[in-house]
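Side chains are part of it too, since the values below use all heavy atoms of this structure and drop only hydrogens, waters and symmetry mates. Keep in mind that this is a model prediction, so the values were computed, not measured.
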Protein chains: 2
Amino acid sequence: MSDLLERLRGRGWRMTSQRRVVAEVLDGEHVHLTADEVHARAAQRLPEISRATVYNTLGELVSLGEVIEVATDGRAKRYDPNAHHPHQHLICSNCGTIRDVHPAGDPLADLPVEERFGFTVSQVEVTYRGLCGVCA
Amino acid sequence: MSDLLERLRGRGWRMTSQRRVVAEVLDGEHVHLTADEVHARAAQRLPEISRATVYNTLGELVSLGEVIEVATDGRAKRYDPNAHHPHQHLICSNCGTIRDVHPAGDPLADLPVEERFGFTVSQVEVTYRGLCGVCA
DNA sequence: TCTTGACTTGGACTCTGTCTATTGTAGGGT
DNA sequence: ACCCTACAATAGACAGAGTCCAAGTCAAGA
């Protein structure tokens with residue numbers, strides 16, 4: 001819950017009403033919102049909040065590792081507040097719904113050294129695609 | 001090579017000079033170009049080709065399954081002509097270089113039924129990230 | 001060669017996101 | 001409790017990527 005606000009305060013964040021509202025919007029529901037959706041929900045509580053502030057705040061939350069940025073389709077990025085539990089994503093190709101999933105196995109271990117081309121590989125994202133129950 | 005052009009003709013494509021040039025640009029080099037890069041290279045051969053045509057043609061190639069769209073970072077999509085050989089991508093977080101890689105294992109099989117939430121899962125993308133030899 | 005519907009064009013438009021100059025304010029210091 | 005001041009918020013201009021549309025062009029079948 002507001003562990004998040006505590007952690008942010010502990011990291012020296014100046015706590016403004018705008019930042020509080022953005023953090024609460026993300027913390028409140030486990031959905032994957034776009035920046036504009038976050039802005040819309042934040043504006044319900046704080047009508048004068050600006051888009052720029054929402055973008056700034058989201059960017060800060062991402063660099064603090066509190067939120068994950070998900071670029072699924074080349075359109076708007078989505079923001080995933082479930083950053084402290086490793087997971088992957090399952091996306092409906094039709095309606096765009098995103099679910100967090102937990103596959104077995106370790107995809108990083110599946111990439112042999114001779115397939116790394118001198119890269120220092122540090123991260124893997126797995127995106128499953130298909131049709132959800134409603135769209136199928 | 002121009003297997004691609006043959007396949008497209010066989011699918012009833014009206015063969016225009018614009019489409020030929022776009023197909024040849026993609027077919028020529030195994031790199032991952034953005035739409036604007038494709039446009040630039042196409043324009044070297046056919047100066048009057050328009051952006052809209054390049055976007056249209058790329059979209060058609062994608063829906064025909066001849067080219068894969070790679071949305072890596074929420075910026076410009078990249079187009080991968082290596083659609084007939086299954087592979088995944090390794091991306092440098094610094095310079096954005098993309099390499100095709102071939103991990104072992106089958107990530108689709110790693111997603112248990114109880115983690116599919118009624119979806120009909122048909123596709124998996126695995127994206128490895130890290131620093132390439134030059135940027136490290 | 002003619003015809004026709006598919007294709008191309010340029011430009012306006014939308015959507016996401018960034019930047020900047022200005023104004024506002026959280027929170028430490030007194 | 002009140003000031004400072006550096007950090008944060010704001011509005012709006014701007015930029016990049018992509019889409020849409022009306023009008024003109026042309027590939028390919030008759």
Side-chain angles (χ1 to χ4, degrees), chain A residues 5-6 8-26 32-64 66-80 96 98, chain B residues 5-6 8-25 32-43 45-64 66-80 96 98:
Chain A
L5 290 178
E6 291 310 317
L8 294 171
R9 213 186 298 270
R11 301 209 204 197
W13 243 35
R14 179 176 292 188
M15 191 53 62
T16 67
S17 52
Q18 292 85 347
R19 286 175 164 185
R20 192 187 339 271
V21 166
V22 169
E24 285 171 359
V25 164
L26 286 170
H32 301 76
L33 301 171
T34 64
D36 263 3
E37 287 164 352
V38 172
H39 178 243
R41 297 188 186 211
Q44 287 174 2
R45 307 199 200 178
L46 192 66
E48 295 317 310
I49 193 171
S50 74
R51 283 189 340 120
T53 297
V54 171
Y55 276 103
N56 288 341
T57 306
L58 289 172
E60 287 157 10
L61 288 169
V62 169
S63 32
L64 289 174
E66 295 289 347
V67 164
I68 293 171
E69 214 172 53
V70 187
T72 58
D73 60 348
R75 304 190 54 89
K77 290 176 197 164
R78 295 183 170 272
Y79 292 88
D80 181 346
I98 305 182
Chain B
L5 290 177
E6 290 310 316
L8 294 171
R9 212 185 298 268
R11 300 210 206 198
W13 246 33
R14 180 175 290 187
M15 191 53 62
T16 66
S17 51
Q18 292 85 348
R19 287 176 164 183
R20 194 187 338 270
V21 166
V22 169
E24 284 172 358
V25 165
H32 301 75
L33 302 171
T34 64
D36 264 3
E37 286 164 352
V38 172
H39 178 242
R41 297 188 188 212
R45 306 200 203 176
L46 192 65
E48 294 317 307
I49 193 170
S50 74
R51 282 189 342 116
T53 296
V54 171
Y55 276 104
N56 289 341
T57 306
L58 288 171
E60 287 155 11
L61 289 169
V62 169
S63 32
L64 290 175
E66 295 289 347
V67 163
I68 294 170
E69 212 173 57
V70 188
T72 57
D73 59 348
R75 304 191 57 91
K77 291 175 196 162
R78 294 182 171 271
Y79 293 87
D80 181 347
I98 305 182

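Closest approach of A:R14 and A:R19 over heavy atoms only: O-NH1, 3.1 Å. Nearest heavy-atom pair across B:R45 and B:E24 is NH1-OE1, 2.7 Å. Minimum heavy-atom separation, B:T34 to B:Y79: C-CD1, 4.4 Å.
For the pair B:N56 CG and C:dG11 C1', the computed distance is 15 Å after rounding to whole Å. Rounded to whole Å, the distance from CD on A:E48 to P on D:dG12 is 11 Å. Look at CZ on B:R20: it is 11 Å from P on C:dT8, rounded to the nearest Å. Taking atom CD1 on B:I49 and atom P on C:dT9, their separation rounds to 6 Å, with Å as the unit. Atom CD of B:E60 is separated from atom P of C:dA6 by 12 Å (rounded to the nearest Å). Between B:W13 atom CH2 and D:dA28 atom P there is a gap of 12 Å when expressed in whole angstrom units. Atom CG of B:L8 is separated from atom C1' of C:dC7 by 15 Å (rounded to the nearest Å). Atom-to-atom, CD of A:E37 to C1' of C:dG17 comes out at 15 Å; the value is rounded to the nearest Å.
A salt bridge links A:R11 with A:E66; the closest basic N to acidic carboxylate O contact falls under 4.0 Å.
For a distance-only test at 3.5 Å, the side chain of B:R75 fails to qualify as a donor-acceptor partner of the base of D:dG16. In this model, a side-chain donor or acceptor of A:R14 finds a partner on the base of D:dC7 within 3.5 Å.
Not one side-chain nitrogen or oxygen of A:Q18 sits closer than 4.0 Å to the OP1 or OP2 atom of C:dG24. Side-chain N/O atoms of B:Y55 include one lying less than 4.0 angstrom from OP1 or OP2 on D:dG18. Taking 4.0 angstrom as the limit, A:T16 places none of its side-chain polar atoms (N or O) nearer than this to OP1 or OP2 of D:dA8.
Listed nucleotides D:dA28, D:dT10, C:dG10 differ in distance to B:A52; the shortest reach to its side chain belongs to C:dG10.
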